[in-house]
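Each remark here refers to the structure printed beneath this line.
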Amino acid sequence: MEIFSTNALSQCIREAVRAELQDHFKTGGSQPQDSEKLLSKQELAAELGVSLVTLTDWMKKGLPYLRLHKRVYFKKSEVLNAMQQTIKD
């Protein structure tokens with residue numbers, strides 16, 4: 001195990017943060033491709049042109065969703081994939 005002085009540790013942290021910030025700004029500060037905006041029930045229902053009741057029924061039948069505390073969110077890509085699978089079956 002290596003022991004660092006306070007100054008060495010501080011310098012190491014500064015360099016790591018600087019490298020991460022440079023990388024972040026090189027990519028234009030964009031989010032990773034895996035992260036996509038989560039849609040609320042209202043937003044998804046509006047996008048799909050269905051009522052909230054219909055959306056709730058679909059959730060009971062297996063439509064993928066995320067529950068964060070008391071709120072429900074959807075990843076649009078997962079919902080579209082699930083709907084395509086349902087059509088194929």
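FYI, side chains are in, hydrogens and waters are out, and symmetry mates aren't considered; it's all heavy atoms of this structure. What you are looking at is a predicted structure, and each value in this text was computed from that prediction instead of being measured. Note that the numbering runs from 1 along the sequence shown for the chain.
Contacts of S51 classified as side-chain hydrogen bond (donor to acceptor under 3.5 Å, both in side chains), with partners at least two apart in sequence or in another chain: T54. With sequence neighbours excluded, no residue forms a side-chain hydrogen bond (donor to acceptor under 3.5 Å, both in side chains) with T6. Partners of Q22 under the side-chain hydrogen bond (donor to acceptor under 3.5 Å, both in side chains) rule, at least two apart in sequence or in another chain, do not exist in this structure. Taking R71 as the reference, nothing meets the side-chain hydrogen bond (donor to acceptor under 3.5 Å, both in side chains) condition, with sequence neighbours excluded.
Residues M59 and K41 share a closest heavy-atom pair of SD-CE, 4.1 Å. Scanning both residues, A45 and L52, for their nearest heavy atoms gives CB-CD2, 3.9 Å. Residues P64 and E78 share a closest heavy-atom pair of CG-O, 3.7 Å.
Within the 3.5 Å criterion, the main-chain N or O of S77 finds a donor-acceptor partner in the side chain of N81.
In this structure the side chain of W58 reaches within 4.5 angstrom of the side chain of V50, judged on heavy atoms.
In the hydrophobic clustering of this structure, I87 does not group with V79; members are Ile, Leu, Val, Met, Phe, Trp, Tyr whose side-chain heavy atoms approach within less than 4.5 Å, directly or through other members. No continuous path of ILVMFWY side-chain contacts below 4.5 Å connects L63 to L38, so the two sit in separate hydrophobic clusters.
The salt bridge (charged side-chain N to carboxylate O under 4.0 Å, His left out) contacts involving residues 42-63 comprise K37-E43, E47-K76, where partners must be two or more places apart or lie in separate chains. The salt bridge (charged side-chain N to carboxylate O under 4.0 Å, His left out) pairs that include a residue from residues 11-20 number zero, where partners must be two or more places apart or lie in different chains.
Here OH of Y73 is found 10.0 Å from CG of L66. Values are rounded to the nearest 0.5 Å.
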